There are 2 protein chains.
Amino acid sequence: MADVRDIPDATVSRLPVYRRSLVQIISTGESTISSADLADLAGVNAAKVRKDLSYLGTYGVRGVGYDAELLLAQIDGVLGLGTEAPVVIVGMGNLGQALAHYGGFQSKGFPIVALVDSSMDKVGQVIDGIVVSHLDDLEHTVREREISVGIIATPGGAAQEVSNALVAAGVRSILTFAPTILQVPDSVPVRKVDLATELQILGYYRHREVTETTDSTDRTA
Amino acid sequence: MADVRDIPDATVSRLPVYRRSLVQIISTGESTISSADLADLAGVNAAKVRKDLSYLGTYGVRGVGYDAELLLAQIDGVLGLGTEAPVVIVGMGNLGQALAHYGGFQSKGFPIVALVDSSMDKVGQVIDGIVVSHLDDLEHTVREREISVGIIATPGGAAQEVSNALVAAGVRSILTFAPTILQVPDSVPVRKVDLATELQILGYYRHREVTETTDSTDRTA
DNA sequence: ATGCCTTTGTGCATGCGTTCACAAGAGGTA
DNA sequence: TACCTCTTGTGAACGCATGCACAAAGGCAT
Ligand SMILES: NC(=O)c1ccc[n+]([C@@H]2O[C@H](COP(=O)([O-])OP(=O)(O)OC[C@H]3O[C@@H](n4cnc5c(N)ncnc54)[C@H](O)[C@@H]3O)[C@@H](O)[C@H]2O)c1
Ligand SMILES: NC(=O)c1ccc[n+]([C@@H]2O[C@H](COP(=O)([O-])OP(=O)(O)OC[C@H]3O[C@@H](n4cnc5c(N)ncnc54)[C@H](O)[C@@H]3O)[C@@H](O)[C@H]2O)c1
């Protein structure tokens, strides 16, 4: 059985997708699922599913498939979803407030337990039942509530400063929406969601479709 | 010079990052930039920068670096940022409203020109100066405003239906926030932003840090 | 018990992406 | 002109990810 450390990044990023498919399957009353069916639901290749799952250890039954509940538990174990991971959101503007109001995190094991801003307009406000506290109190808040995830929803210019504060406060991982390259210790994993970048990437493929048709190499469709 | 079609996906997804670094550089008054400096700003390897840029054609000057303005124009050309790409947002809940209020898209060449919902509570409301229209009128709206990008911010259950409507209406690319595998024609590029998945992926790396220290293989730090 | 059918687990080949390392090019200087 | 310094552009090696294809294995029916 593979050590939890040895799972390739590409596989890790697909586990949540498998997880969601499994939850769906279980809700329909099915108790086992084949790699082919799981692949359909997850939108990937069946061989890839099997290879990915093989990194978790061997839990499939040949001729039958995978036990859905068991597999779900296994994935949850690898992703550390057994225990809740309390979240702080820093930056209570448009995006921060939308995230705070969203109930989906709570139910997925990521309760939002603190909201932070640096503007006196925001500090003290109650959003979704939580009082917005000041960035200066971050360390206290994080330690008291045992917060392990920090979400950065401030303008780009403040992101590095906020990131430093989060790391210093003891947060163990960061999700950022600011379009900024963050400098953090290797021990703190960071994931970046950059909406403007996503739109620009789409632009390339959209644009390409157009230029292709005016090209010398036509496609038969 | 490389055809616009031949740019690898990995490179395309970095172009917006280079673009942002270039805008920053230009704003400081610099007119040229070396691959090493650009790499620092973008958070990648210098050789990768050079190889990426080589797909756009050859625009660097040996011994000097790249002309920042020229390179920016070149990237914009590849990403199709020369012309505006009007956007429609479908789903005016927490997230949809936050996106609608955000000014950053407008200024980056992605004006939000239409807002859509299916709930009578939302239709008719004015959000950020735009009247929310009904999903049934989508086709008309898209054709009239020549909308090329659709953003899906509905619950997962409605996403495929909305996606079908967007494609039928003639939208040319889609950005979705719904945690659902969308079935769309190959000709319509889709990018998915899945926040719950991001948090779960972070969970793996966070979790791993912990299990590592209780392992036989200790690290000297 | 036997044999058939289904599905897993994985070896292997292929392709893509990353990075190194260096020759070649450009400009400046004496 | 000759030389020196800086930086690009890219060949080549490496490593990771993907997907095929098939043997091994489990279950079920007869
Ligand atoms: N809202 C969107 O739809 C959207 C879309 C794309 C990208 N983004 C990115 O997300 C981030 C947030 O966007 P937004 O629209 O919510 O911005 P916003 O301006 O509405 O809100 C930013 C908030 O951060 C607070 N803030 C500023 N500096 C701070 C600091 N040092 N510490 C703590 N709080 C601080 C401000 O007081 C404000 O409340 C930005 O980086 C933006 O580029 C947002
Ligand atoms: N808000 C967040 O912070 C957040 C975080 C993670 C994921 N998401 C995802 O983003 C999506 C939107 O989240 P939200 O919090 O804004 O949800 P929400 O429930 O607040 O809003 C959904 C909106 O979509 C509308 N809608 C429903 N069916 C529709 C249809 N067929 N056509 C048009 N409109 C329709 C509803 O009327 C509602 O206004 C969801 O898929 C959610 O999983 C949101």
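Fair warning: this is a prediction, and the values are worked out from it, not measured in the lab. So you know, we letter chains A, B, ... as the sequences are listed, proteins then strands, and number each from 1.
- We find that CG of Asp52(A) is positioned 7 Å from P of dT18(D), with the value rounded to whole Å.
- Distance alone, capped at 3.5 Å, places no donor-acceptor pair between the Thr180(B) side chain and the Leu182(B) backbone.
- Between the side chain of Arg143(B) and the backbone N or O of Ala169(B) there is at least one donor-acceptor pair closer than 3.5 Å.
- Summarising the geometry, the separation between OH on Tyr55(B) and P on dC16(C) is reported as 10 Å, rounded to the nearest angstrom.
- Listed by residue number, there are no residues of residues 18-29 of chain B with a heavy-atom contact under 4.0 Å to DNA chain D.
- Heavy atoms of other residues, nucleotides or ligands lying less than 6.0 angstrom from CD of Gln106(B) number more than 12.
- Nearest heavy-atom pair across Gln97(A) and Met92(A) is NE2-O, 2.9 Å.
- In this entry the distance linking NZ of Lys48(B) with P of dA21(C) reads 17 Å, nearest Å.
- The 5' end of DNA chain D is approached more closely, in terms of each residue's nearest nucleotide, by Ala36(B) than by the other of Asp9(A) and Ala36(B).
- Between Ser35(A) and dT8(C), a side-chain N or O to OP1/OP2 separation shorter than 4.0 Å is present.
- What separates OH of Tyr59(B) from C1' of dG25(C) is a distance of 18 Å, to the nearest Å.
- No side-chain donor-acceptor contact under 3.5 Å links Glu146(B) to the backbone of Pro86(B).
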Contact letters for nucleotides 20-30 of chain D, in which S counts primed atoms plus P, OP1 and OP2 and B counts the base, heavy atoms under 4.0 Å: BB--BBBS---
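- Distance Leu53(B) CG to dT8(D) C1': 11 Å, rounded to the nearest Å.
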Only pairs under 3.5 Å count here: list side-chain donor-acceptor contacts from residues 18-26 of chain B, not counting sequence neighbours, and write none if there are none.
residue  : atom : partner   : partner atom : Å
Tyr18(B) : OH   : Asp52(B)  : OD2          : 2.5
Arg19(B) : NE   : Asp76(B)  : OD1          : 2.5
Arg19(B) : NH2  : Asp76(B)  : OD1          : 3.4
Arg19(B) : NH2  : Asp76(B)  : OD2          : 3.3
Arg20(B) : NH2  : Asp194(A) : OD1          : 3.3
Arg20(B) : NH2  : Asp194(A) : OD2          : 2.3
Arg20(B) : NH2  : Thr197(A) : OG1          : 3.1
Ser21(B) : OG   : Val17(B)  : O            : 3.1

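- In terms of phosphate contacts, Tyr66(A) brings a side-chain nitrogen or oxygen within less than 4.0 Å of OP1 or OP2 of dG9(C).
- Side chain of Gln183(B) to main chain of Gln160(B): no donor-acceptor pair is present (N/O by atom type, distance under 3.5 Å, no hydrogens or angles).
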Residue pair Gln200(A), Phe110(B): steps toward the side chain to side chain contact (heavy atoms under 4.5 Å, CB included) verdict: CA-CA 9 Å; Gln200(A) 291 176 354; Phe110(B) 297 92; 4.0 Å; yes
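- The nucleotide whose nearest atom lies closest to any side-chain atom of Ser54(B) is, among dT10(C), dT7(C), dT10(D), dT10(D).
- No side-chain heavy atom of Leu95(A) sits less than 4.5 Å from a side-chain heavy atom of Tyr102(B).
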